[in-house]
K.L.:
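Structure in structure tokens, see below.
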Amino acid sequence: MSGPGFVSLESSLEKHLPDEELKEVRRILYGKDIKQLSLPQSAVDAAFERDFDLQGYVFEASPEQLRPPRVARVGLIQNKIVLPTDAPVLEQITALHKRVGEMVEVAAMCGVNIVCFQEAWTMPFAFCTRERDPWTEFAESAEDGFTTRFCQELAKKYNMVVISPILERDEIHGGTLWNTAVVVSNAGNVLGKSRKNHIPRVGDFNESTYYMEGNTGHRVFQTQFGKIAVNICYGRHHPLNWFMYSTHGAEIIFNPSATVGQLSEPMWPIEARNAAISNHCFTCAINRVGTEYFKNEFTSGDGKKAHHEFGHFYGSSYVAAPDGSRSPGLSRTRDGLLVAELDLNLNRQIADKWNFKMTGRYDMYAEELTKAVQHDFKPNLIKE
Ligand SMILES: NC(=O)NCCC(=O)O
């Protein structure tokens with residue numbers, strides 16, 4: 001059942017497993033028990049009235065003698081599009097600003113310091129259609145577009161870092177398009193942007209029709225609340241992409257995504273979590289939610305019938321920690337805000353325990369990779 005009929009793995013386990021067994025299943029599936037974060041009643045009420053899932057968790061670290069805890073609260077927002085995909089472009093964008101704006105207000109009530117939205121949050125995920133019109137009209141300047149200005153207002157109002165993944169129009173380079181996350185500091189300044197490094201060519205993810213592989217490398221943004229990076233969607237299938245953000249010092253790596261049940265759901269709980277473990281950092285996986293309908297049929301190049309829908313975006317956003325623990329996921333079917341309090345001291349504590357940065361044979365890999373990318377590479381393959 002890859003569609004909207006199944007609410008979440010967590011609710012299914014709770015419904016069907018006896019308490020003692022559930023505890024063991026959780027231990028094995030989710031790692032150490034993480035505490036629920038107590039959220040203000042005003043926030044709980046507002047989420048109920050505004051009809052979205054609100055969950056909060058705490059990832060603690062051990063007390064240290066020389067360092068005080070380094071606590072940051074992150075907010076992950078997943079949402080459906082608001083208007084039909086054939087509504088006028090500006091109305092669609094404005095309706096999404098309004099919806100996400102009211103969710104950010106609740107994030108502020110919960111004390112969130114850094115909020116991240118889903119991939120291409122101001123638009124339907126229309127790249128499946130391969131049509132240019134009107135979808136390229138959703139593209140905006142990362143520096144001073146309508147949406148960036150909106151995020152700057154949110155950032156200033158709530159003293160919150162805002163990560164805003166958009167379709168970028170780059171006027172300096174001939175109006176080219178990019179899939180870009182804009183990072184706005186809590187003072188409301190555009191700290192910078194980070195472009196999607198890996199562009200999918202799978203199923204209906206026809207994004208290569210619109211934009212190319214990003215050219216901003218593995219930027220890490222020093223914010224007041226910690227060093228953050230943004231590994232956009234398809235980059236989560238590339239362990240070296242996570243690794244490079246971590247190599248540049250990222251303490252929290254956000255993964256704003258848009259992916260559907262039929263394609264990737266069994267991979268979803270593993271990839272960002274594995275990245276948190278192998279890189280000694282926190283990761284935040286955010287997926288779009290809902291089913292989007294497009295007026296013109298499109299095909300998937302697989303001999304099957306043309307269709308109007310991409311499939312169900314299954315939400316299930318979650319946070320993973322370097323010790324292998326993770327939060328439950330948000331709903332598969334509803335808009336949601338996941339608030340997580342992270343003690344960033346956990347990163348070094350786990351690094352000191354497991355030593356992956358020390359035991360990693362990066363010099364050996366660097367040398368072998370340098371050879372492997374040459375056209376005349378000879379694999380180290382021994383035959384009888
Ligand atoms: N948006 C995007 O890159 N999706 C690709 C499909 C996937 O990574 O599951």
Side-chain angles (χ1 to χ4, degrees), residues 2-4 9 76-81 85 96 116-131 135-136 138-139 163-168 177-182 193-216 218 229-243 245 253-276 283-292 294 298-302 307 309-318 320 329-330 332:
S2 57
L9 180 67
L76 284 54
I77 289 185
Q78 63 176 45
N79 61 281
K80 297 180 192 150
I81 54 170
T85 59
L96 279 160
C116 183
F117 309 147
Q118 66 200 21
E119 182 182 20
W121 73 275
T122 59
M123 61 183 294
F125 217 69
F127 311 120
C128 53
T129 65
R130 298 191 293 269
E131 300 161 350
W135 315 118
T136 57
F138 282 88
I163 303 172
S164 168
I166 58 166
L167 182 62
E168 179 195 358
L177 301 182
W178 301 96
N179 184 318
T180 301
V182 182
K193 62 187 176 188
S194 183
R195 290 174 173 156
K196 182 172 181 171
N197 282 332
H198 301 276
I199 308 301
R201 290 160 174 82
V202 58
D204 284 330
F205 290 90
N206 298 318
E207 294 166 52
S208 57
T209 304
Y210 298 84
Y211 40 79
M212 304 301 287
E213 279 70 15
N215 58 1
T216 50
H218 295 89
V230 198
N231 177 5
I232 303 177
C233 195
Y234 200 64
R236 78 181 180 285
H237 310 301
H238 298 266
L240 288 178
N241 208 44
W242 296 100
F243 171 72
Y245 291 114
I253 308 177
F254 292 87
N255 174 232
S257 299
T259 184
V260 291
Q262 257 164 357
L263 180 70
S264 64
E265 204 161 1
M267 296 148 85
W268 179 254
I270 301 169
E271 292 169 307
R273 191 175 177 199
N274 188 48
T283 59
C284 301
I286 303 160
N287 188 20
R288 185 175 274 257
V289 70
T291 305
E292 300 175 2
F294 298 95
F298 52 93
T299 61
S300 305
D302 58 2
H307 41 281
E309 284 173 5
F310 208 133
H312 178 67
F313 294 100
Y314 54 85
S316 310
S317 304
Y318 70 98
L330 286 175
R332 289 182 80 257

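In this text, all values refer to a predicted model and were calculated from it rather than measured experimentally. As the structure lists them, so they are numbered: ligands from 1, and atoms in each ligand from 1.
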K.L.:
Who pairs with Pro269 by side-chain contact (heavy atoms from CB on, under 4.5 Å), at least two apart in sequence or on another chain?
P.N.:
Arg326
K.L.:
For Glu213, give me all partners under side chain to side chain donor-acceptor pair (under 3.5 Å), at least two apart in sequence or on another chain.
P.N.:
Arg201
K.L.:
Which residues satisfy the side chain to side chain donor-acceptor pair (under 3.5 Å) test with Ser300, sequence neighbours excluded?
P.N.:
Asp204, His307
K.L.:
Considering the options Phe310, Phe127, Trp135, which one meets the ring-ring contact (aromatic ring centres under 6.0 Å, His included) requirement together with Phe294?
P.N.:
Trp135
K.L.:
Check whether any side-chain heavy atom of Met212 sits under 4.5 Å from a side-chain heavy atom of Ile199, and report yes or no.
P.N.:
no
K.L.:
When you look for protein heavy atoms under 4.0 Å from ligand 1, which residues do they belong to?
P.N.:
Glu119, Phe125, Lys196, Pro200, Phe205, Glu207, Cys233, Tyr234, Arg236, His237, Ala258, Thr259, Leu263, Ser264
K.L.:
Going by distance alone, is a donor N or O of one side chain under 3.5 Å from an acceptor N or O of the other, for Arg195 and Asn215?
P.N.:
yes
